[in-house]
A.B. asks: 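The following block contains the structure, expressed as structure tokens.
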Amino acid sequence: MSLPLLLLGGFVASALAPRLCKTLPRLGALLLAIWPLAFAAHLFRLAPDILAGKPFEHAIEWAPALGISLSFYVDELSLLFGLMVSLVGVVVMVYAASYLKGHAYLGRFYAMLLMFMTAMNAVVCSGNVISLFIAWELTGISSYLLIGFKHDKEVPRAAALQALLITTAGGLALLAGLVMVGSIAGTYELRELLANGDLIRNHDLYGWILVLILLGAFTKSAQFPFHFWLPRAMEAPTPISAYLHSATMVKLGVFLLARFYPMLAGTPEWTALLTFFGGVTMVMGALRSPFQDDLKAVLAYSTLSVLGMLTFLLGLGGKVALKAVVLVTIAHALYKAPLFLVAGTVDHATGTRSVRSLSGLRTKMPWTFATGLIAGLSMLGAPPLLGFVAKETLLDASLASAYPIPTTTAAAITGIGLMAAAWVAGIKPFLGEPSTAAQRAHGVSPGFWLGPLLLASLGLVFGLVTALVAPWTLGATAAIQGAPAAFKVALWHGFTPALATSGIVLALGTGLIALRDLLKDRLDRIEWRGLPRPSTLYQQGYEAMFVVARGLTDRTQSDSLRDNLSTILFAFLLLGGYTLYRLGGLPSPPTVELHWLEVGLGSILLAASFAAIRARSMLNAALMLGVVGFAMSAVFLVYGAVDLAITQIVVDTLTVLLFVLVVHKLPRFARLSTKKTMIRDAILASLAGIFMTFLVLKAHQVNVHEPISGFFAEKAVPEAFGRNIVNVILVDFRALDTLGEITVLMAGALGVYLLVRSGEAKAKPREVQGT
Amino acid sequence: MKASYLLEIATRRLTPLLLLFSLWALLRGHNAPGGGFIGGLMAASAFGFYSISFGPTATRAYLRVDPFMLIGTGVATSLFSGLLAWFFGKPFLTGLWTKLDWAGGLKLGTPLLFDVGVYLTVIGVTVSLLLHLEED
Amino acid sequence: MEWFWAIIVGALFATAIFQLLRRNLAKLAIGLILLSNAANLLIFSSAGLTRGKPPMVPEGVETLAAGHADPLPQALILTAIVISFGVIAFFLALLRLASQRLGITDLEELKE
């Protein structure tokens, strides 16, 4: 029970954040960081059991009839991601306290961040794919808010919207895929789905399911051709970028693929799609990354590359590739978050993130330099850091694949590009003679480097003492492949082909570092033209959407309610009439004799309604409507609907009251329509009336489904302890509907209140003008 | 609106009676005609007549609480009656019953609480509609 | 009996729709009320009509015998009556706003 409560606590903390940051501007952030810390602590407490192969499971039933429950499933994979999300979260929150010190919207920042963090943890701990999807969408919405944090500027807003549109479009595809999976397997519970992977893989619709789920994962994890939102999302404040792009948001797509690995993987389609798109993203990101000028852009493209790498590895499949997935994930979180934060610190101290104008910063900020150096070396893949172990495993997996030459080449190119990127982003700004920007830079407080340095050092510690990560790696690998895994995690594997390849990569990478500035000059001079870029296509599609929508609205919507109503009625009569005609068969003649009372009531009903529409004043019309209501009530009474009769009478009274209150303020009716339109309307109305008559008669004949009233009649007393079945339906059997209804009533009351208020607000200026 | 003296007297006497009657309708609703909707509408029409006789300001004073307060309390009560089931490990809105032996085997259940919520909401909504349309 | 009520339902719909097609805003309100009555009667009569047997389980019996009125449409209509009351109140508020603040009771004028 404590895990759901902890998650709930995250939302509570998020709600409290604005208040807290206002009262305690300095301490508030640190207090809020207790939440992710507590979550991580809880995961550590669960860890021994989970690593021993017993996942934590807990379910709260939500809508059992639909198979939707709020269930939690925490295995080694969830554990790994949950810890990453929470611990990197703590570092980012503490860092942001210094980075955004004194910011007007600090409280809002933490509120969004905590909401996002909670949603992330909810995704990774979810045990039901529907609740997983809901949390998934919540991460999308909160990341939209985070990316657009500088909401008073145009560019961040556009970037946030683009990220939201692309990821939620993918989210819709994902939902469709999940529903298909659920209806094939007959369950939405994750554990059961993973155990019955064969069912999905052998199904005719497997191809569709795979494509739909991949669309969700690829958009979220910014795989080619959906990659372009990620570099643009760098408009967010740097701590956000550090968080979204190192350990959380963009890793979700990869998480999803890993989560569903036992269910979807192993087919030729899986391998082909993942290795292709992952490979393209990986190589493209790695080649573009070192040649960016903005520090954050360098990191963004390298993130793309790593995301591509993870997808690529999941596509290759098998024990070694999956081991590489886990190691790359850990190593990436430990170096990418610090590197982003280092970029943020540099930006904060110097006011620029341009690689060209940054050098020689090491004397002004030695600790930040240390952080950049350690994290950069890990990203570079230098021994003895964890990044080296991860890269070795990547090369191992490529060499062992079915097509070792193309895969290893791609992996090697990526390694070379990432080396240069690591150099540019983590090390280069600190070396050499201090530039003018570096000379003007101010020193930085420990809040800026303590957290990042800690994270980066973990990369070093884990590399040196691989025994610390070995059990987690083994566990997570086993969780992904859905079977126990056995291998060694070590810094030194002996002289292997991977080591040799690694040596080549190191040499070529060093060469690229040396030539980087020269190459960049050349590349900058080339004009890129020709091929359509995905981002342009997106932009064109986005604009076309508005054009189409506007055109369609202009075509179909006239401003006249009467014209619209007539059109709807006409279409309704045409389609409905055709359906009735197709059903055929004249309704049966009357079987029950009419009673004089019924004839009387029906006649009164008719006469009063005709009188109501012929009335020359609103008061007369209201009176006649009152008669209609009372006649209705009598009809209900005759046919055994006592509750309805009472309700109708009271509502009728209230309606007449309402009319009396409002109507005396209205003018008399004026004759507005011409004779011709009156006749046309009369014909249309009569046709509709005739149609409804036949509909009622037909309804007696058609019986699509066994009526469920028998169930109500049977269970009302023994199970719901009520003798008035109508009331039992309202407050017990169908109480959810009633709950919805009173909510609607509430909205109605609020609406009237606002209408009256808006009238007052509009009236006031006039009064001022008058006086 | 100016009301007659007779109407004022009648309303003053009848309103408490109507309100009492509405409560009775609410409580017997599970076994006989009545329930939250009917009871709530009855109570609301009592307030409606009161406001015709004495005006909206007097009605607000007579009601003592803001109609929106009633709406909020009502919806929250119904929601809470449904959430109670969770604490007993049952799905949302499952009816829970208890039998009071000391009160002659009277059965009390969350559906009754739910109906009370409906009752309050309907009163609040209807009264707020009437008052807002009456006030200027 | 079915024929009779079917014709009444049809006639109610016809009057309601005719009223909805008028230009006067106040007449729209009348049309709305008639329409909700027509719809309620439509549901009520298409579910089958049973004279004078309310769906209440008598004392001392556990389940309701067959031949009683159907409780489900009754529950549906009960909520529909209350909701349509809310809708009408909302519409009247709109109507009052339009006529008092803007001086408009003609739909065609509202377009501007």
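Scope of the values below: all heavy atoms of this structure, side chains included, with no hydrogens, waters or symmetry mates. First the proteins, then the strands, lettered A, B, ... as listed; each starts at 1.
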A.B. asks: Top residue by heavy-atom pair count (under 4.5 Å) with chain A, among B:V75, B:L113, B:D115?
C.D. replies: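 The answer is B:D115.
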A.B. asks: Which word best sums up how the rings of A:Y753 and B:F68 line up, parallel for under 30°, tilted for 30 to 60°, or perpendicular for over 60°?
C.D. replies: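 Aromatic pair A:Y753/B:F68 classed perpendicular.
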A.B. asks: Which atoms of B:T121 are under 4.5 Å from chain A, going by heavy atoms: the side chain, the backbone, both sets, or neither?
C.D. replies: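 Contact with chain A involves the side chain of B:T121 alone.
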A.B. asks: Write down the atom of B:F114, the atom of A:L739, and the distance for their closest heavy-atom approach.
C.D. replies: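 Looks like CZ-N, 3.8 Å.
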A.B. asks: Can you confirm whether more than 12 heavy atoms, excluding those of B:F49, are under 6.0 Å from its CZ atom?
C.D. replies: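 Count not over threshold, so no.
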A.B. asks: Return the minimal non-hydrogen interatomic distance between B:L129 and A:G748, and the atom names on each side.
C.D. replies: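 Closest approach of B:L129 to A:G748, heavy atoms only: CD2-O, 4.4 Å.
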A.B. asks: Output the option from A:L644, A:L745, A:V752 having the highest count of non-hydrogen pairs under 4.5 Å with chain B.
C.D. replies: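 If we count pairs closer than 4.5 Å to chain B, A:L745 comes out on top.
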A.B. asks: Roughly how far, to the nearest 0.5 Å, is the NE2 atom of B:H132 from the CG atom of A:L755?
C.D. replies: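 With rounding to 0.5 Å, CG (A:L755) is 11.0 Å from NE2 (B:H132).
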A.B. asks: How many angstroms lie between atom CZ of B:F37 and atom CG of A:N727, to the nearest 0.5 angstrom?
C.D. replies: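 The CG atom of A:N727 is 9.5 Å from CZ of B:F37, to the nearest 0.5 Å.
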A.B. asks: Taking atom CZ of A:R723 as the centre, report whether more than 12 heavy atoms of other residues, nucleotides or ligands fall under 6.0 Å from it.
C.D. replies: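 Counting other residues, nucleotides and ligands, CZ of A:R723 exceeds 12 neighbours.
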A.B. asks: Heavy-atom pairs under 4.5 Å with chain A - which of B:S128, B:G48, B:A32, B:G35 has more of them than the others?
C.D. replies: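 Looking at each of B:S128, B:G48, B:A32, B:G35 in turn, B:A32 comes out on top.
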A.B. asks: Which of the residues A:I649, A:V731, A:V728 is involved in the greatest number of heavy-atom pairs with chain B at under 4.5 angstrom?
C.D. replies: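 Among the listed options, the one with the most contacts to chain B is A:V731.
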A.B. asks: Quick check: are there more than 12 heavy atoms from other residues, nucleotides or ligands sitting under 6.0 Å from CZ of B:F80?
C.D. replies: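 No.
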A.B. asks: Show me the pairs that pass side-chain hydrogen bond (donor to acceptor under 3.5 Å, both in side chains) and involve residues 643-657 of chain A, at least two apart or across chains.
C.D. replies: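 Qualifying pairs, neighbours excluded: A:D643-A:N724.
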A.B. asks: Sort A:V650 into side chain, backbone, both or neither according to what part of it lies under 4.5 angstrom from a heavy atom of chain B.
C.D. replies: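 Looking at A:V650, just its side chain touches chain B.
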A.B. asks: Out of curiosity, B:I71 CD1 to A:L750 CG, how far, rounded to the nearest 0.5 Å?
C.D. replies: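 Between atom CD1 of B:I71 and atom CG of A:L750 there are 6.5 Å.
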A.B. asks: Heavy-atom pairs under 4.5 Å with chain B: which of A:V642, A:D732, A:L654 has the most?
C.D. replies: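 So the answer, after comparing A:V642, A:D732, A:L654, is A:L654.
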A.B. asks: Relative to chain A, which segment of B:T126 carries a heavy atom at a distance below 4.5 Å: side chain, backbone, both, or neither?
C.D. replies: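 Interface part for B:T126: side chain.
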A.B. asks: Take atom CZ of B:F21 as the centre, draw a 6.0 Å sphere, and report whether it contains more than 12 heavy atoms from other residues, nucleotides or ligands.
C.D. replies: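 For B:F21, atom CZ is not crowded (no more than 12 foreign heavy atoms under 6.0 Å).
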A.B. asks: Begin with the C-alpha distance, continue with both residues' side-chain angles, and end with the deciding distance and a verdict on side chain to side chain contact (heavy atoms under 4.5 Å, CB included) for A:I742 and B:V125.
C.D. replies: CA-CA 9 Å; A:I742 58 176; B:V125 167; over 6 Å; no
A.B. asks: Less than 4.5 Å to any heavy atom of chain B: does that hold for the side chain of A:L730, its backbone, both, or neither?
C.D. replies: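 For A:L730, backbone and side chain are both near chain B.
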